[in-house]
Structure formats: C-alpha cells, structure tokens
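Next up is a structure, given as structure tokens.
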Amino acid sequence: MTQILSKMKFNAVPANVSFPEMEEAILQLWHQKEVFQRSMKEREGGPEYVFFEGPPTANGRPGIHHVLARAFKDMFPRYKTMKGFHVLRKGGWDTHGLPVELEVEKQLGLAGKEQIDQYGIAKFNQMCKESVWEYLSDWEALTERMAFWVSLEDAYVTMNNDYIQSLWWILKQLWNKDLLFEGYKVVPYCPRCGTPLSSHELSLGYKEGTVDPSIYVKFAVKNEKNTFLLAWTTTPWTLPGNAALAVGENIEYVKVKDRSGAQLYLAKELTRTVLEPGYELLEEMKGSALVGKEYEPLFRFDSPAEDYAYVIAADFVSTDDGAGIVHIAPAFGADDLAVGQAHGLPILHTVDAAGQFKPEITPWAGVFVKDADPAITADLQARGLLYKAETYEHTYPFCWRCDTPLIYWAKKTWYLRTSDFQERLVALNHAINWVPDHIRAGRFGRWLENNVDWALGRDRYWATPIPIWKSDAPGSAYLECVGSLAELAAKTGQDLNDLDLHRPYVDEITWPAPDGGTMRRVSEVCDVWFDSGSMPVAQWHYPFANQEEWKTYQQADYICEAIDQTRGWFYTLHAVSTLLFDRPAFKNVICLGHILAEDGSKMSKSKGNIVSPWQIFAEHGADATRWYMYTAGPPGNARRFSSNLVAEVKRRFLNTLWNTYSFFVMYANLAPDWSPATNDKEDAAEETRPNAQLESRNSLDRWLLSELNRLVQDVTDAYENYDVTTATRPIADFVDDLSNWYVRLNRRRFWEGDATALRTLHHTLVTLSKLLAPAIPFISDEIYQNLVVAVEPGEPDSVHLATWPLADESVIDAHLRADMKLAQKVTTLGRAARETAALKVRQPLQQVVVRTRSEEERAGLERVTEMLLTELNVKELAFADDAGDLVEVEVFPLPRQLGQKYGRGYPVIRKTFAQMDQEELARRFDAGESVAVETDSQRYVVEAEDVEVRRSPKAGLSVAEDGGYLVAVTTTLTPELELEGHARELVRRIQQLRKDADLAISDRIRLTMPDTPLLTTLLTAHRDYILAETLTLEIASIPKSGPVADGASATFPLGAEKVTVGLMKA
RNA sequence: GGGCCUGUAGCUCAGCCGGUUAGAGCACUGUGCUGAUAACGCAGGGGUCCGUGGUUCGAGUCCACGCAGGCCCA
C-alpha cells in the first residue's frame, strides 16, 4: 500500500461523484483562494471588456428564469477573462417602482393613493425602502451557489442619493435640449393605482376574452327629422365625452329606414350585420357627403366654447366592426385626441383621476366609469337613442399589478421626446449585434420604427422624483429643472447635504419664484425604467464622481436579458444613450427566450408548476443546470425545463466527462514511468506551437489532438460570435468521442502505462477543463485543481485564472479526421453485420469486406486498418472491388451533377440505367467511357464522373449497408478462431470474477481450473494471453471432480462444457 | 387586428447552397460488449417533416396562403 501511495500523483477520483457536494467544496476553495476577486485583479492593465448587469429587484424571490439569464450573463465575462481581458462585474439592484409600493400597500392593508396619502408619504416610503431588500439574502445565496460572478459589494443601487443625483443630471441635460415636455396624452391609466402605465407595463396586462358591452347609439342629426347617425362603442362611459363622429371619406354609406320608421346612416357594408331585418334602403352616399353634418349631443353636461358635435373624416375608420361611424371622445382615446386636436374639438373631461365621473356629470357623479356603463345604456334606451345593446368579447388591458381594468384617459404629464430621435434610434440599432439576429430588424427594430414619446411621469411615491419646480403663481407657467443637489442648495440657500432625494422631503424644498409665486416641485416621479435605462451613467454617480471609470465603462460590450426586455431595459438603455450621447449603449446582446414547464406550458404560480432552482441544484448541481440551459436549444428560443431534462444532461455529458477523468487518474497513478511533470509546459499563450511536445506516431493520439485543436478553434470562434450553442454542444460530442472511441480503443495502452497516451489524455482533459470553464465553472475547476494545480507548481491557482487555449492549426488533420469517421462508420456496420449472423464480437472472424464510396476512402481506411481489425475482432480487411464473384454491381446516376446538367432528363436517365445491364454499364464507366441515353427527342451523355459504381458482396457473407457504404464479414469459423473466441470468453469470465471479489485493479491472482479437454487445449494455446490479461501468476489444473480452492469461484458454460474457475488473491 | 419567433419520431433537438434511403439522443423492446464509465454497441417498432397550393427534373429546405403555440404591440 505504501508503495502505491508513493507513486500517487493525483488525488484519487471516485467514479461515482455527488456533483452538488463537489460544487460546495469548490465554492469553499474559491472563497479561500479569493479566486473571483483575483480573476479581476490579475487582469488589471489588460484590455477592458465591459459587462452591464441588468438590475433585478430584490423584493421578489429569484426563480429559475433568473438562473437562465445569469448563466448566460456569466459565461462571457469568464471567457473574456481567460482571454486576458479585465472584466469588472459591477452588480446592480433595481429598487424603485410600483411593485415595491404594491407590496407595502398589501402589508399595510392600504388600498389606493388616497389611503397612502393619509398614512403619510414619509412613513410609506420608509417602508418601501426596507421592503426592497426583502429577499436580498435569497438573491445573494443563489448568485453564489450558481457561480454567477458579480460584485455585489459595490453594486449600484437605484434608490441611493448618488444614483438619483445622476438621474437628475441626465434629466437636466434632456431639459436643456428641450426634450422634456408636459402635454396631454391619452394614456392607459389605472384608476386604482392613480397612474398612467408605460407601454411596457401595459403589455403585461392584456386579457383575452374580456367581455364588454357593445352598444349601437343613435345620434340625432340636426335639421333632419327622425334621422340618426349610428355609431358603435364598447365603452358607454366615454359617451358623455363625445365631441364628434368620424366617417371614412371613401367608405360607402347608406341611409335606411328601419321598422320603427327612424332613418339611420351607417356603412353600407355593415347593414346586414348591424341592422335588424325589415329595413328599407333609402339612399347611398360616400362618407365625404356626411362630413359636416351636425347632430344633437347625447348629453349636455359641459358647454364647451369650441364647435363640436359634427361629422368629421378620419382615416382610421374601418368597416371591420361597428357601424362604420366612430364615436370620438378626445379625452379617452389616442386616435380621438389626435383627430380632435386636428379639428380643434374640445376635450370633454368627464372623469377624474380616480376613474369616477366628475360632479358635473350629475346622474353618475362619483361612480366608477366601468360601473356606470349599464346606467348610461339604460338612460339612452329610455330616451330612444339606443339602437341595440349586446356584449362583445375582445382583448382588453388590465393593470398588471392590481388587475383593475385600465381606461384610456387624457392626462397632463411629463414626456421625453424620443420620437424626435426615431431615425437615430433605428440607425444606431444597426450597429448592435443581436443574438438572435432577427430581433434587430424584427421585434426591436419594429418597436423603434413606431416610436412614440416616452411617458416619463408617474403619480406615485417610491421612485426618483422628477426634478422640475413650477411657480405656483396663478396662471404662471414658469419652470425650472434642477440637475444636482448643489444646484438645489444654491437656489434655496440651504445646506441640503443630508436631504433624502425622495418624496416627501424633496417636495418640501421650495424657493421664491421670480414671478412672485413659490417654486414647488411637480408632483410626479419617474418611470422606474428610466432608472435602469440610465445605469451606464448613474452606476458611477457620474458626472459628480468617477470620471475615469465612466470613460472606461460607458459602453457595454455585452448585455443579456430575456426577450421581455425588448421594450424594457433594452429599449430604455438604447433610448437614454441615443438621446444623450448619440451612440448605442451596448454592442452585443443575447436576448433569451422564456423558460417553460416540462409540458411546454408557461410556468406560473397559479398552475403550481414552478421549479425551484434550489431543488435542481440540490439534485443535480449548478453545472448540470447551466449546461442544460446552454445546450437545450438556441438561446432565443423558449426552452422547457424540468429536473428530468437536467438529469439527462448530467447523465449523458457530465458523467461521461467525469468518468473519463476518473479513468485517467486511476491509470496515471498506476503508471510507474509517467507524471505530469514530464509533460512540457502547455501554456498556450507563450508558444506558437503549444502542442509541439505532444507529437506521437500513434494515429489515435494524432487524431485526438487534431479533433481537440479543431474543437478549440470552433469553440473559440463561437464565443467570439456570441454563439452559445456552438460553444457548448460540440464539446459534448467531443467528450463522447473521447470516452467511447479514443479511451476505449486505447485501454491497453493505459493499462501498460504508455506515457504518450497518458500525456495525450492529460493534455486533452486539461484543455477541456479550460474550454468548459466559462460554462461549467465547478467541474472544470475540480478537474483543473487535480490535474494541474496539485501537481504543477507555478501554474495558475484555478482554471478561472488560467489562459484560454490556443488552437494549433498544424496538428489539425482533415484526412485523419475523415479516415477516423470512416473507421467508425465501418465499425458500426461491421457490428451490425455480426449481429445479423449472431456472431459475438468476442468471437474472432477471418475477414471483413468493405465497399467504400471512393478510392480515397479506401486508401483512408487502409491507413487505419489495424484499429478496424481490433475493433471488429477480425483477422483481415478486404475491399469489395477485389472480391470478384462475391460482388454485385449497381450504377447509380448522381442527382446533383446530372440534375444540374439535364434538369428533367435526370429521372429519364435514372429509369433507363436501372433497366440496363449493370455489369456492362459498370465496365464502360470504369474504362472512362461515357454512355448516351436517347429518348424520342433528346440525347443525354453521361460521363464517368456523373455516376457512382457500387459493388456489393453477395452470398456467404453477412452484410450491413448504409449511406453508400457496405460492410460484410465472413461467417465461417475455423477451429482456431473458435478456440480464440473461447480464450476471450474465459478472460472475460475471470475479469468479472475479479470484479465480484472486489479486487483492486492491480491485484495479482492465482487460479484453479478443471482439467477438461477444452480447458486443457485452451491453456496450451493461449496460456500467456490469459495470464497477462487477468494478472494471473499461476493456473493450477485440478481434476474436474476435485474441490475448488479457497476464495471466489464461478461456474459458467464454455463451449460445450460447464466449468468452475476458482480465484485467490496472490 | 398587426409584428416577431417556433412547428421534423412518444419526448428533447440536428438537418448547410434545394440533390443519394430525413438523422441523433432519451424512452420502450430484444440482444450484445465491458476490469474506467448507472457507460457503450447493434437491432426493432415509432415520421401526413403543421396544412394547402405554387416554383423546380427534384422541396423538410424556396415562395404564397392558412392552422397551432409562444412572445410582443394595438
């Protein structure tokens, strides 16, 4: 035992490993060695690679979708660090906004703004501030456990004064450029939350199948007795706000008389669907003929100064639904407001900020508008102004947090004039590398093309206050924008260093206005998306500090989030950067698809199909989870997720990798003549030919190194192109080849301690650990620690501090690759052929006959003959062309060549050839002749290179065929072959017996065997082979009936005999 | 209603510039191999390549129109 210990070079590696436990140990190691910190520090002075962290909110629990995003975020900084870049990984937290407020409202049992005001803004915001960190420890733990390397200690926090001051500075810049303005705009508005919703918030709350009223209303035409314009609406509550009716100028309209005798105008196309049967057609006219007609307003709560209640033309009028005449309420629709402003129509504001009718709307004053729908409908009915009332099912927006139906409502608020920059937004987007590519012109591009001004204001509490002060003098429009705390202090003459830049404290700051009033802050706060979109600037508290850092880190090389951020963070980053700096905020972006449950449905709390990252980590580990995320499909696609899917990845890829590693360590530790120290340094960065020391005459070694270097090349290219799938999947394929081809075929060499083989495998595993480090940081470092750090002083302390491998193109051998592929193909077919004839691989056979597709392939196969013979356990290789009578011939016309040459002639040629004598055809083509095919009208000349002559073995052989290849094996067994088969069978039985007896792999043994005829013959012919294979010192032949020696024994059939073999440790 | 994406075996996914018989893994069944491997090999069942039309000598691949799902926008 001591003897073995002294030879030990690597820590023994158990074949069975608990990945989660191993990962915990690696976390400890990183902690002790401060690997993360050093991965940044040791690259200082190198080129910078800039990553922006999209800030999460810590008042919600992190879920598996966060693991997805963070896995993708993490790999590029790791890769670039290994490439020598300095990558600062500054974290960030999004801390403001409605989600936080709503959580606190819930806690406090408050409902709506009025109650918050009563409760007190100071106390409320204090609660928000604390609530923000509700799940901070969960986030920290998850970040650590999954090895997402990000600096949380110096993370930016959007609610900090420094951050807010930077936002004020940005707003001041925009103010100076006249890009901030207050204007009417119809916004989706949540009456309960008392705030407009941004377009990105709006998108969160659409509900299909919402049922609303659908009513057809009669507007009495002035000076035309008993005549009405028929208009349709699904929002009866907007009718008191009606200012006009719109028609399409070129749409055909009709005037009809219904059974009651009333005359109605409506679109011709819609008469059938809208009108009750029994109407009479009176007139037809274009919409333009209706323009200018005046009608009696339905209600007269306001008496606006402007002209209103007449027919106008609008291009958005359609005949898809309704009556082809559109009710226009400028206060309650974006189109309505636009067309209303164009015609100078009044904005009839009938609804207050709580979504209730104002006092002057006497019948329904104080009623929530949606609740007033039935009463309004009934009122119209009573006055004979309702044509009919139905219900209508459509998609309608609801508040994404509180589920209140939204209303469209004209509100005065602060806007950012992004639409002025629409062309620049689009132009700058072209410079961004989007993954997947289609987002650039597709979803994101489309969004930019349809850019509308950014509604920046929110009538809320816990967010960045808009730093605009307004004079409260009556009728005053005097405004000032404040760009810093110092500026504010100067205006007020106060020391404001301790001022909390939140409501209500900021609201309390006032100063005298030049027009005699007092400057008071406008009530609104900023859309939180402005916070995160401004992080490139604000994370550095720029321009108040960190001028150098800002210079270095102002533009990201890489960001990554899920696709829902197209209108969220991706947009706000791009918008702020374009408006301020006229350049994109990020150069490369991976836009991830969503995570779905195993059955492809959405993961949601209500369905109860949420998968906890912690559970998956505990079962399979973070590496397995990460690897699944990378390899499950293209990053932009939605991906299904479940424990089972991760388990499959672990079993197929991680276990294979681990076992190869474990195998290597076992044999390397047994080998007397080899240690990694005898390997020359493999520091790729320092040598132009990093693999020069690995040269080997062995074709399998050369093949493996060729494949490895090719892999390095492919994976490197993939990382450079942000192609995660290609950076990962080929590694799994390689590991499969490594384990099931290279290692399998070389077992004997490892057993013999072949230094070249060990060196090759060691180098391969170390290189693999580097290639895998960005993706699976735990296992890769575990391997690296044992294979490099533990044995090679002076090497980096962790794979994450190592340099990325360089591909050595000189060892990439395309021919060898092709040869080996062919060998694998032929082996597969050879096994199939054996299978058909029920010949075990253990049974040696005389000959394998192969038909290749070309001379080159034949030559290639000859180069790997030995390997092929070993794998197939046959004595000799022959080629079908040599096999004379055994061969059947077929001439196959190649579709590519002939199709291009003769087009529709190809099927004719194929048909004709099939009917011809194949032997004869083959002879002519082999001789280089061409063959003409003639039809009634055409003559097609087929050259030798247009066909493939295929030769297939006939009878007496067992045959398997695929893709133009054919492999046959001879089925006749000679006594010698049979005996050799028995020898192999015996060896296998003894090996199994050793295993069952729990012997160490290097233990020597003694055997007892009965002196049966077969065994006697066998031992005479193959004694040395059996001794060597099974580490047997001595075989004692005992009488067949005699007792078995002490120790293990096994009884099994061998040939026609049944034998019992006894085993003792020597 | 509009935009973007996806649709290939029971499941997860490949499938290049249109070209030989549409592949791999998982799962299932059978069988074999094995002193690294809960691994691997071989065989079998399993496919209207979402549908319909078109272009072409030839379409999973290109075009058009649909259908279904996802996401986004109205």
Side-chain angles (χ1 to χ4, degrees), chain A residues 13 15-16 199-200 202-203 206 318 320-321 334 394-395 397 436 438-439 441-447 449-450 562-564 566-567 593-594 596 598-602 628 631-634 636-640 644-645 647-649 651-652 655-667 725 729 732-733 736 739-741 743-744 747 750-751 827-836 838-842 853 871 892-900 902-910 948 950 960-964 987-988 990-995 999-1002 1029-1031:
Chain A
V13 176
N16 290 319
S199 43
H200 19 268
L202 178 68
S203 68
Y206 278 94
S318 81
D320 291 345
D321 43 26
H394 60 160
T395 305
H438 61 76
I439 306 278
R443 191 174 288 204
F444 197 65
R446 295 273 175 183
W447 166 249
E449 282 165 17
N450 298 313
I563 190 155
D564 51 285
T566 324
R567 269 81 170 174
H594 285 128
L596 303 175
E598 192 172 23
D599 62 0
S601 67
K602 217 166 144 178
Y628 175 75
T631 54
N637 289 11
R639 73 205 61 224
R640 299 179 179 205
N644 289 334
L645 291 165
E648 188 180 320
V649 150
R651 203 159 41 81
R652 272 200 58 68
N655 276 348
T656 309
L657 174 67
W658 185 267
N659 287 322
T660 307
Y661 160 59
S662 159
F663 169 90
F664 166 78
V665 167
M666 174 187 288
Y667 283 102
T725 316
R729 280 184 177 175
D733 294 339
D736 189 64
S739 171
N740 291 315
W741 189 250
V743 169
R744 212 166 81 83
R747 272 179 297 199
F750 291 110
W751 180 231
T827 305
T828 298
L829 287 171
R831 288 196 185 123
R834 295 186 76 112
E835 176 81 16
T836 325
L839 291 164
K840 299 177 173 188
V841 178
R842 222 178 295 130
R853 299 200 296 196
E871 267 302 275
F892 181 79
L894 294 167
R896 186 166 210 142
Q897 276 98 314
L898 290 169
Q900 274 161 12
Y902 296 127
R904 65 182 71 243
Y906 172 69
V908 180
I909 296 168
R910 191 165 177 178
E948 200 172 276
R950 296 174 169 176
E961 196 174 9
D962 183 59
V987 165
R988 188 183 75 85
I990 297 167
Q991 303 289 37
Q992 191 59 47
L993 187 54
R994 287 181 60 111
K995 223 175 179 177
L999 294 190
I1001 190 166
S1002 52
E1029 287 296 305
T1030 59
L1031 294 189

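By convention in this document, chain letters (A, B, ...) are assigned in the order of the sequence lines, proteins followed by strands, and residues within each chain are numbered from 1. All values below come from the heavy atoms of this structure, side chains included, with hydrogens, waters and symmetry mates left out.
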Please work out whether rC26(B) sits syn or anti, treating a glycosidic angle within 90° of 0 as syn.
anti
Give me the distance, rounded to whole Å, that separates rU55(B) from rU61(B) when you measure between the P atoms they each carry.
15 Å
Closest approach of Asp564(A) and His594(A), non-hydrogen atoms and distance?
OD1-NE2, 3.0 Å
So what does Phe444(A) touch, heavy atoms closer than 4.0 Å: a base, only the sugar-phosphate, or nothing?
nothing
Look through every strand shown and name the nucleotide pairing with rG58(B) as Watson-Crick or G-U wobble, where both distances are under 3.5 Å.
none
Test side-chain contact (heavy atoms from CB on, under 4.5 Å), reference Asn659(A), set Leu657(A), Asn655(A), Thr656(A), output is Asn655(A)
From the candidates rC72(B), rA36(B), rC5(B), the one with an atom nearest any side-chain atom of Phe663(A) is rA36(B)
In this structure, CD1 of Ile990(A) is separated from CG of Leu1031(A) (nearest 0.5 Å) by 11.0 Å
Roughly, in whole Å, what's the span from CZ in Arg640(A) to C1' in rC71(B)?
16 Å
With rounding to whole Å, what would you report as the distance between rA59(B) and rU8(B) at their C1' atoms?
14 Å
Closest listed nucleotide, where the reference is the side chain of Glu648(A) and the choices are rA38(B), rC13(B), rG25(B):
rG25(B)
Evaluate the criterion side-chain contact (heavy atoms from CB on, under 4.5 Å) for residue pair Trp447(A) and Thr566(A); output intermediate values, then yes/no.
CA-CA 8 Å; Trp447(A) 166 249; Thr566(A) 324; 5.5 Å; no
Between rC40(B) and Arg744(A), is there an OP1 or OP2 to side-chain N/O distance shorter than 4.0 Å?
no
Pairing residues for Arg652(A) by the side chain to side chain contact (heavy atoms under 4.5 Å, CB included) criterion, not counting sequence neighbours:
Asp736(A)
Got a second to check how far Leu645(A)'s CG is from Arg640(A)'s CZ, nearest 0.5 Å?
9.0 Å
Whole angstroms only, please: what is the CZ-C1' distance between Arg443(A) and rG70(B)?
9 Å
Is there a donor on the side chain of Ser739(A) or the base of rA39(B) sitting less than 3.5 Å from an acceptor on the other?
no
I'd like the C1' distance from rC26(B) over to rC67(B), given in whole Å.
29 Å
Nearest-Å distance once atom P is located in both rU6(B) and rG44(B)
34 Å
To the nearest Å, how far apart are Asp736(A) CG and rA24(B) C1'?
11 Å
At 4.0 Å (heavy atoms only), tell me whether Ala632(A) reaches a base, stays on the sugar-phosphate, or touches nothing.
sugar-phosphate
Of Thr725(A) and Ile990(A), the one whose nearest nucleotide on RNA chain B sits closer to the 5' end is Thr725(A)
Return the orientation label for the Tyr667(A) and Phe750(A) ring planes: parallel under 30°, perpendicular over 60°, tilted otherwise.
tilted
Counting just side-chain N and O atoms, does Arg446(A) come under 4.0 Å of either OP1 or OP2 of rC4(B)?
yes
Ile439(A) CD1 to rC71(B) P, straight-line distance once rounded to whole Å:
14 Å
Span that lies between the P atom of rA14(B) and that of rG25(B), in whole angstrom:
16 Å
Any donor-acceptor pair under 3.5 Å linking the side chain of Arg744(A) with the backbone of Trp741(A)?
no
Going by purine N1 to pyrimidine N3 plus the second Watson-Crick contact, or the G-U wobble pair, all under 3.5 Å, which nucleotide sits opposite rA24(B)?
rU12(B)
Send over the distance from Arg567(A) CZ to rC72(B) C1', rounded to a whole Å.
5 Å
As its Watson-Crick or G-U partner within any shown strand, both distances under 3.5 Å, rC4(B) has rG70(B)
rC63(B) versus rG3(B) - spacing of their P atoms, nearest Å:
16 Å
Let me know the distance between CD1 of Ile563(A) and C1' of rG3(B), rounded to the nearest Å.
12 Å
What integer number of Å spans the P atoms of rC50(B) and rG45(B)?
23 Å
Between Pro634(A) and His438(A), just flag the one whose closest nucleotide in RNA chain B comes earlier from the 5' side.
His438(A)
rA39(B) phosphate, OP1 or OP2: any side-chain N/O from Arg651(A) under 4.0 angstrom?
yes
Taking the C1' atom of each, how far is rC71(B) from rA24(B), in whole Å?
29 Å
Nearest whole Å is fine: how far is rG7(B) P from Asn637(A) CG?
7 Å
Could you let me know what rA64(B) is paired to, Watson-Crick or G-U wobble, both distances under 3.5 Å, or none if it's on its own?
rU52(B)
Sequence-aligned protein contact record of nucleotides 62-68 of chain B, with B where the base is within under 4.0 Å of a protein heavy atom and S where only the sugar-phosphate is:
-------
Tell me the closest heavy-atom pair linking Gly633(A) and Arg639(A), and the distance in Å.
O-NH1, 3.7 Å
Going by purine N1 to pyrimidine N3 plus the second Watson-Crick contact, or the G-U wobble pair, all under 3.5 Å, which nucleotide sits opposite rC17(B)?
none
Mate of rG41(B) across any strand shown (Watson-Crick or G-U wobble, both atom pairs under 3.5 Å) is rU31(B)
Carefully, step by step, assess Trp658(A) and Tyr661(A) under the rule ring-ring contact (aromatic ring centres under 6.0 Å, His included).
CA-CA 5 Å; Trp658(A) 185 267; Tyr661(A) 160 59; 5.1 Å; yes
Is any side-chain nitrogen or oxygen of Arg652(A) closer than 4.0 Å to OP1 or OP2 of rC40(B)?
yes
Could you give the CG-to-P distance, from Asn740(A) to rU34(B), as a whole number of Å?
15 Å
